[in-house]
Amino acid sequence: MSNVTREKKLQTIIEMERMLNEIQDLDVLLERILTESRGIVRADAGSIYVVDDNNLKIKYAQNDTQLRGLAPGTKLPYVSFSFPINQKSIAGYCVSTGKVLNIEDVYNLPDTVPYSFNKTTDMTTGYRSKSMLTLPLKMANGRVLGVLQIINAQNEQGEVVSFDSDAELYITHFATNATQALEHAYLTSNMIKRMQRMAEFRDPKETFYHVERVSSFSLEIYDRWAANHGIPNYEQQKFRDNLKIAAKCHDFGKIGVSDVILKKETPRFTDEERNIMKSHTCIGALLFTEPESSMDEMCRDVTLYHHEWWDGSNKGYPGKLDYKKYEVGEPVPLAEPLRGDEIPLAARIVALADVFDALSHKRVYKSAWSIEDSFQEIQNQSGTQFDPEVVMAFMQVKDRICAINAVWDNTND
C-alpha cells in the first residue's frame with residue numbers, strides 16, 4: 001500500500017472517530033463501531049460482543065453476503081446468545097488474555113492453541129468464515145468492555161483474503177480510539193439507567209424491562225420506516241441515536257405524580273385522578289426544558305406527546321397546551337388535541353411501541369394478551385390511534401419484534 005493511500009485511510013479513520021464521539025446511545029455506538037470497522041478493511045461480516053458478568057453476550061452481527069439475499073430494508077434475523085469467558089473460544093481468549101488474534105483460516109487452527117471455532121452458525125446459514133480479526137475493546141483503566149470480531153477481509157475483486165499487517169494496524173488504532181467514545185456512552189447509559197430505576201421505584205408498572213423493550217422496539221420500527229422513506233444515512237443515524245435514549249425516557253414524568261394515583265391497583269380513575277395522571281406528559285417535558293441538544297428536544301417531544309392519537313381524537317393528550325405553565329400536582333387542562341403529522345415522528349413511534357408492550361405483558365390490573373392479539377390490536381388502531389405508516393413499518397419487522405420480546409422475557413420480568 002502506498003504512503004498516499006495509507007494517509008487517506010488514516011484521514012478516513014480520524015473522521016470516523018470524530019463521528020463516533022457524537023453518538024450518545026451505547027447500543028447504537030456498538031453497532032456503528034462494527035459497521036465502520038468492517039468498512040475500513042472491507043470485511044464481509046462481523047460481530048460485536050459485550051462483557052456481561054462472566055459471559056460474553058452478542059450485541060450485533062452483520063453479514064453483507066447474507067444481507068444481499070434479502071429484500072431491501074430487511075435485516076438479518078435478530079440473534080441473542082452468550083457464552084462463558086474462557087480461553088476455549090476465540091472471543092473469550094481475547095478477553096482473558098487481552099491479546100489481538102489475527103487468524104488466516106478459522107477452519108484450520110493449529111493444534112497448539114487452546115481455542116476453537118464454533119461452526120454451528122456457518123452450517124446453519126451456509127456461510128464460510130475464513131479470515132478473522134478479533135480484538136478486545138479496553139477502557140483506559142484496562143477494563144475490557146467487549147470484543148470486536150470482523151470476518152472475511154476482501155480484496156478489490158471481492159475475494160476473501162487475510163487481514164494483513166496494515167489492516168491489523170488500522171483496526172487496532174480505530175478500536176483503541178473507539179473505546180473513548182464507548183466510555184462516554186457507558187456514562188450516559190448508566191445515568192439513564194439510574195433515572196429508569198428512579199421511575200420504577202415510583203411506578204412498579206414501568207419496569208426496567210418494559211422500558212428497554214419499548215426502546216428496542218422503537219429503534220426497529222424507525223429503521224424500517226426510514227428504509228421505506230429513503231431517509232439519508234447520516235440523518236437516519238442521528239435520529240436513531242436520539243430515539244434509542246428518548247424512548248427510555250417516555251414515562252419519566254411519572255416521578256411527579258402522586259403515589260395515591262400512580263400505585264392505584266385499578267385502571268378506574270375519577271375524572272380528576274385521570275387528568276392528574278395525564279400530567280406525567282407535561283412533567284416529563286419539563287425535565288428536558290430548556291433543551292440543550294437534539295437529544296433533549298426529542299426526549300421532550302416523546303415524553304410530552306406519546307399519548308396523542310393520530311386521528312386527533314380527544315382520547316389523546318395533553319394536546320396543544322403550553323406545558324411550561326403547568327403546575328405540578330394539578331389536573332391537565334383540556335386542550336385541542338394534536339393530529340397526524342403535528343405529532344412528532346419519535347412520539348408516534350414510541351406511542352405504538354409502548355402500547356404493544358403494555359398489551360403483551362401482564363399488569364397489576366390486567367392479564368397479558370397473546371402476541372398475535374397484541375399485533376392485531378395495533379393493526380386495528382391503524383389510522384385512529386396510530387400513524388398508518390408507522391404501523392406498516394411495525395408489521396414489516398414483526399419477526400424481529402417477537403425475537404426481542406422473547407429475549408427480554410427470558411431475561412426477567
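Note that the structure is predicted; figures quoted are calculated from it, not measured. For this chain, numbers begin at 1 and follow the sequence in order.
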K.L.:
Taking the basic N atoms (NZ, or NE/NH1/NH2) and the acidic carboxylate oxygens, is any pair closer than 4.0 Å for Arg240 and Glu31?
P.N.:
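Salt bridge present between Arg240 and Glu31.
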K.L.:
Strictly by modelled atom types, are Glu168 and Ser165 linked by a side-chain donor-acceptor pair under 3.5 Å?
P.N.:
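No - no donor-acceptor pair under 3.5 Å links their side chains.
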K.L.:
Check the pair Ile33 / Leu182 against side chain to side chain contact (heavy atoms under 4.5 Å, CB included), numbers first and verdict last.
P.N.:
CA-CA 9 Å; Ile33 287 173; Leu182 277 172; 3.8 Å; yes
K.L.:
Given the rule in the side chain to side chain contact (heavy atoms under 4.5 Å, CB included) test, do Ile371 and Cys402 qualify, once you have shown the distances and angles that lead to the verdict?
P.N.:
CA-CA 8 Å; Ile371 289 293; Cys402 290; 3.9 Å; yes
K.L.:
Which atoms form the tightest heavy-atom contact between Ser279 and Val332, and what is the distance?
P.N.:
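For Ser279 versus Val332, the nearest heavy atoms are CA-CG2, 3.2 Å.
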K.L.:
Run the salt-bridge test on Arg224 and Glu220 with the 4.0 Å N-O cut-off and return the result as yes or no.
P.N.:
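Answer for the salt bridge query: no.
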K.L.:
By side-chain contact (heavy atoms from CB on, under 4.5 Å), which residues pair with Leu287, not counting sequence neighbours?
P.N.:
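Testing Leu287 for side-chain contact (heavy atoms from CB on, under 4.5 Å), a comparison that skips the adjacent residues, returns Phe252, Ile255.
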K.L.:
By the ring-ring contact (aromatic ring centres under 6.0 Å, His included) test, which pairs, at least two apart or in different chains, include something from residues 61-87?
P.N.:
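Passing the test, one end in residues 61-87: Tyr49-Phe83.
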K.L.:
Please report the closest heavy-atom contact between Pro77 and Arg400, naming both atoms and the distance.
P.N.:
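Heavy-atom minimum between the residues: C-NH1, 3.6 Å.
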K.L.:
Please identify which of these residues, Thr289, Thr303, Thr281, meets the side chain to side chain donor-acceptor pair (under 3.5 Å) condition with Tyr323.
P.N.:
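The side chain to side chain donor-acceptor pair (under 3.5 Å) with Tyr323 is passed solely by Thr289 among Thr289, Thr303, Thr281.
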K.L.:
Please report, to 0.1 Å, the donor-acceptor pairs under 3.5 Å made by any side chain of residues 183-194, with sequence neighbours excluded.
P.N.:
from, atom 1, to, atom 2, distance (Å)
Glu183, OE2, Ala140, N, 3.0
Thr188, OG1, His184, O, 3.3
Asn190, ND2, Tyr186, O, 3.3

K.L.:
If you measure from the Lys or Arg side-chain nitrogens to the Asp or Glu carboxylate oxygens, is any gap between Lys238 and Asp241 under 4.0 Å?
P.N.:
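Salt bridge flag = no for Asp241 with Lys238.
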K.L.:
Are the charged groups of Asp25 and Lys248 less than 4.0 angstrom apart, N to O?
P.N.:
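Salt bridge present between Asp25 and Lys248.
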K.L.:
Output, in order, the C-alpha distance, side-chain angles, deciding distance and verdict of ring-ring contact (aromatic ring centres under 6.0 Å, His included) for Phe356 and Phe394.
P.N.:
CA-CA 10 Å; Phe356 174 78; Phe394 174 70; 5.2 Å; yes
K.L.:
Consider only side-chain N and O atoms of Thr97 and Gln87, and report whether a donor and an acceptor are under 3.5 Å apart.
P.N.:
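There is no such pair between these side chains.
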K.L.:
Check the pair Trp310, Asp341 against side chain to side chain contact (heavy atoms under 4.5 Å, CB included), reporting the backbone distance first and the verdict last.
P.N.:
CA-CA 8 Å; Trp310 173 258; Asp341 291 336; 3.5 Å; yes
K.L.:
Please report the C-alpha distance between Leu101 and Met132 in whole Å, then the side-chain angles of each, then the deciding distance to 0.1 Å, and finally whether the side chain to side chain contact (heavy atoms under 4.5 Å, CB included) criterion is met.
P.N.:
CA-CA 8 Å; Leu101 284 180; Met132 180 180 289; over 6 Å; no
K.L.:
Any chance the rings of His307 and His250 have centres within less than 6.0 Å?
P.N.:
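No, ring centres 6.0 Å or more apart.
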K.L.:
Set out, in order, the CA-CA distance, both residues' side-chain angles and the distance that settles salt bridge (Lys or Arg N to Asp or Glu O under 4.0 Å) for Glu15 and Arg18, then state yes or no.
P.N.:
CA-CA 5 Å; Glu15 177 59 25; Arg18 183 199 63 75; 2.5 Å; yes
K.L.:
Is Arg38 salt-bridged to Asp64, going by a charged N under 4.0 Å from an acidic O?
P.N.:
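Here Arg38 pairs with Asp64 in a salt bridge, since their nearest N and O are under 4.0 Å apart.
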K.L.:
Quick check: closest heavy atoms across Ala353 and Ile221, and the distance to 0.1 Å?
P.N.:
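Looking at all heavy atoms of both residues, the shortest contact is CB-CD1, 4.4 Å.
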K.L.:
Ion pair present between Arg339 and Glu342, side-chain N to carboxylate O less than 4.0 angstrom?
P.N.:
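A salt bridge is absent here (no side-chain N lies under 4.0 Å from a carboxylate O).
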K.L.:
Taking only Lys NZ, Arg NE, NH1 and NH2, and the carboxylate oxygens of Asp or Glu, determine whether Lys320 and Glu308 approach each other closer than 4.0 Å.
P.N.:
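Here Lys320 does not pair with Glu308 in a salt bridge, since their nearest N and O are not under 4.0 Å apart.
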